[in-house]
Amino acid sequence: MSLSISIILPTYNERQNLPILVERLEKVLVGRDFEVLVMDDNSPDETWLLARELSETRPWLRSIRRLANRGLSPAVIDGFKAAEGDILLVMDADLQHDENVIPKFIEAFENGAELVVGSRKVDGGGVENWSMVRRFVSWTATQMAHLVLPRTVTDPMSGFFAVRREFFQNISEEINPKGFKILLEIAARAKGRVIREVGFTFRGRIYGESKLSAKVMTQYLQALYELSFGKFIPLRFVKYGIVGASGVVVNLGGLKLGKELFALSSSQATAFGIEISVITNFVLNNSWTFRDAKLSGVRGLALGLASFHVVCLAGALINFAIATYLRNKGLSNDYFADLFGIVVATIWNYIVNTRATWRTRGS
Ligand code: GDD
Ligand code: MN
């Protein structure tokens with residue numbers, strides 16, 4: 001039984017590397033049933049055009065120029081969807097991934113594997129001249145990934161892996177394609193699947209530059225959270241809670257400011273502190289917690305701010321009612337009673353703000 005293989009090459013400004021890689025792939029795969037898909041995000045250096053030219057004499061090569069939804073993971077997912085092989089393999093197009101181990105990938109699939117990961121952490125694997133800092137960052141990220149992944153994946157950040165088409169199609173709708181952590185998304189859903197690893201040496205880059213940025217790392221951390229605790233407590237709620245906590249600080253600061261700078265009475269200063277914190281909470285939630293449903297324009301902001309006020313006021317009443325109720329029921333610790341009220345009010349505020357103020361789909 002021989003399996004056909006589709007090689008997906010995500011590219012962004014890889015004009016110098018692509019022709020070299022295409023030639024090397026042709027040598028490694030000769031005699032097999034294969035295709036190569038270049039998934040280019042409309043690179044300024046016109047990698048997509050070069051790929052198209054290369055494909056003129058190579059029927060197994062396809063160049064896909066993507067104009068929307070830029071990013072490594074979405075490009076890979078699109079490639080997987082457009083590919084026709086039994087095996088869907090992705091590798092970097094910058095010559096850092098060793099094409100010579102691809103036959104080992106295919107062999108693993110022929111022996112029943114459903115996910116095969118090119119790993120720097122097993123026999124035959126390694127990295128070429130990495131600094132201590134980069135090694136440490138990579139090590140930390142790997143340890144964190146083990147919170148959500150089977151231990152059998154020693155290199156969960158690898159961008160060099162392959163999946164059986166049937167397995168991918170099964171989970172493709174669940175995958176959240178953002179940033180660089182595509183393998184993480186797939187491996188987290190590989191329970192009960194046969195996983196194999198193939199060692200390879202991650203080479204240094206010679207031409208062009210890396211696109212791995214701070215934003216990519218943040219997205220990675222978010223994905224880890226969403227795949228673990230996020231099942232119980234949404235990340236958005238955690239952000240909402242952090243903003244809420246910042247509001248307490250602003251509230252107290254406002255009180256001090258009102259008293260000392262504006263010479264307000266104690267109750268006026270308290271009201272001032274509350275109002276200031278409601279406004280800063282609204283601004284922070286709008287630009288961070290609910291960034292994907294951000295309100296803008298005078299009308300949108302005014303309506304949102306009004307709605308946020310109403311919800312917060314109702315929350316305060318709930319908080320007050322619960323604390324009072326618990327005290328009347330004989331709970332002697334005031335702080336405990338209030339804390340309980342705060343927790344319930346926060347959850348209530350969160351749910352209503354999510355539905356009414358920002359109108360997300362409850363996610
Ligand atoms: N289509 C598309 N869109 N391709 C992209 C994009 C994008 O937004 N960003 C990067 N690429 C392509 C690059 O052109 C390259 O072929 C490949 O994806 C990897 O990008 P690099 O920028 O070279 O990544 P890296 O070498 O820093 O990171 C590699 O190692 C990491 C682990 O250390 C990648 O393999 C990562 O996936 C991996 O996590
Ligand atoms: Mn690279």
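Indexing begins at 1, ligand by ligand and atom by atom, following the structure's order. Note that the structure is predicted; figures quoted are calculated from it, not measured.
- With respect to atom 13 (C) of ligand 1, the closest heavy atom belonging to the protein is E14 OE2, 3.2 Å.
- With respect to E185 and K181, a salt bridge is recorded, a charged nitrogen being found less than 4.0 Å from a carboxylate O.
- Considering only non-hydrogen protein atoms, atom 28 (O) of ligand 1 sits nearest to L212 CD1, 3.6 Å.
- The closest side-chain heavy-atom distance from M157 to L184 is not below 4.5 Å.
- Contacts of A93 with ligand 1, taken as heavy-atom pairs under 4.0 Å, involve both backbone and side chain.
- Across the listed options R70, R120, M157, E209, R120 owns the non-hydrogen atom lying nearest to atom 33 (O) of ligand 1.
- Ligand 1 is approached by R205 to a heavy-atom distance shorter than 4.0 Å.
- Test N353, T346, N281 against Y240 for side-chain hydrogen bond (donor to acceptor under 3.5 Å, both in side chains) and you get one pass: N353.
- Donor-acceptor pairing under 3.5 Å is recorded for the side chains of S6 and E35.
- With salt bridges taken as basic N to acidic carboxylate O contacts below 4.0 Å, one links D292 and R236.
- Using a 3.5 Å distance cut-off with no hydrogens or angles, the side chains of K121 and T142 do pair a donor with an acceptor.
- Looking at W48 against ligand 1, nothing comes within 4.0 Å, counting heavy atoms.
- In the vicinity of A75, heavy-atom distances shorter than 4.0 Å reach the ligand 1 atoms 1 (N).
- Contacts with ligand 1 closer than 4.0 Å are made by heavy atoms of both the backbone and the side chain of K211.
- A donor-acceptor pair shorter than 3.5 Å cannot be found between the side chains of E84 and S4.
- In terms of protein heavy-atom proximity, atom 3 (N) of ligand 1 is nearest to D41 OD2, 2.7 Å.
- For the Mn ion (ligand 2), the set of nearby N, O or S atoms under 2.8 Å includes none belonging to S210.
- For W130, the closest heavy-atom approach to ligand 1 falls below 4.0 Å.
- Distances from the Mn ion (ligand 2) to each N, O or S atom of D94 single out OD2 as the nearest.
- Heavy atoms of S138 come nearer than 4.0 angstrom to ligand 1 in no pair at all.
- Note on ligand 1: F202 sits in its first shell, one or more heavy atoms being nearer than 4.0 Å.
- To the nearest 0.5 Å, atom CG of residue N13 and atom CD of residue E46 are 10.5 Å apart.
- Taking 4.0 Å as the cut-off between side-chain N and carboxylate O, R32 and E26 do not count as a salt-bridged pair.
- Residue contacts with ligand 1 for M39 involve N, CA, C or O but no side-chain atom from C-beta outward (heavy atoms, distance under 4.0 Å).
- Close approach of ligand 1 to Q96 is summarised as follows: ligand atoms under 4.0 Å from at least one heavy atom of the residue are 23 (O), 26 (O).
- Ion pairing between a basic and an acidic side chain is recognised when a charged N comes within 4.0 Å of a carboxylate O; R66 and D78 show such pairing.
- The protein atom (non-hydrogen) at minimum distance from atom 37 (O) of ligand 1 is G159 CA, 3.5 Å.
- Geometrically, ligand 1 and S158 share no nitrogen or oxygen pair separated by less than 3.5 Å.
- For the residue pair S265 / Q268, a side-chain donor-acceptor distance below 3.5 Å is found, with atom types taken as modelled.
- Closest protein heavy atom to atom 18 (O) of ligand 1: L72 CD1, 3.3 Å.
- Remark: minimum distance from atom 25 (P) of ligand 1 to any protein heavy atom is reached at S210 OG, 3.7 Å.
- Note on ring orientation: taking the six-membered ring where Trp is involved, the planes of W358 and F308 are perpendicular (angle over 60°, cut-offs 30° and 60°).
- By the 4.0 Å heavy-atom criterion, R203 is excluded from the residues contacting ligand 1.
- For ligand 1, the atoms sitting less than 4.0 Å from at least one non-hydrogen atom of R134 are 33 (O), numbered in the order shown with element in parentheses.
- Side-chain atoms of S63 and S55 include no donor-acceptor pair closer than 3.5 Å.
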| request: Take F160 and F105, measure what ring pair (Phe, Tyr, Trp, His ring centres under 6.0 Å) needs, and give me the verdict at the end. | output: CA-CA 10 Å; F160 191 14; F105 273 70; 4.9 Å; yes
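- Taking 4.0 Å as the cut-off between side-chain N and carboxylate O, R327 and D334 count as a salt-bridged pair.
- In the vicinity of H97, heavy-atom distances shorter than 4.0 Å reach the ligand 1 atoms 35 (O).
- A salt bridge links D94 and R205; the closest N-O separation between the charged side-chain nitrogens and carboxylate oxygens is under 4.0 Å.
- Scanning the protein heavy atoms around atom 12 (C) of ligand 1, the nearest turns out to be P10 O, 3.4 Å.
- A heavy-atom separation below 4.0 Å is not found between R65 and ligand 1.
- Given atom 35 (O) of ligand 1, the protein heavy atom at minimum distance is D92 OD2, 2.6 Å.
- At a 4.0 Å cut-off, not a single heavy atom of K181 sits close enough to ligand 1 to count as contact.
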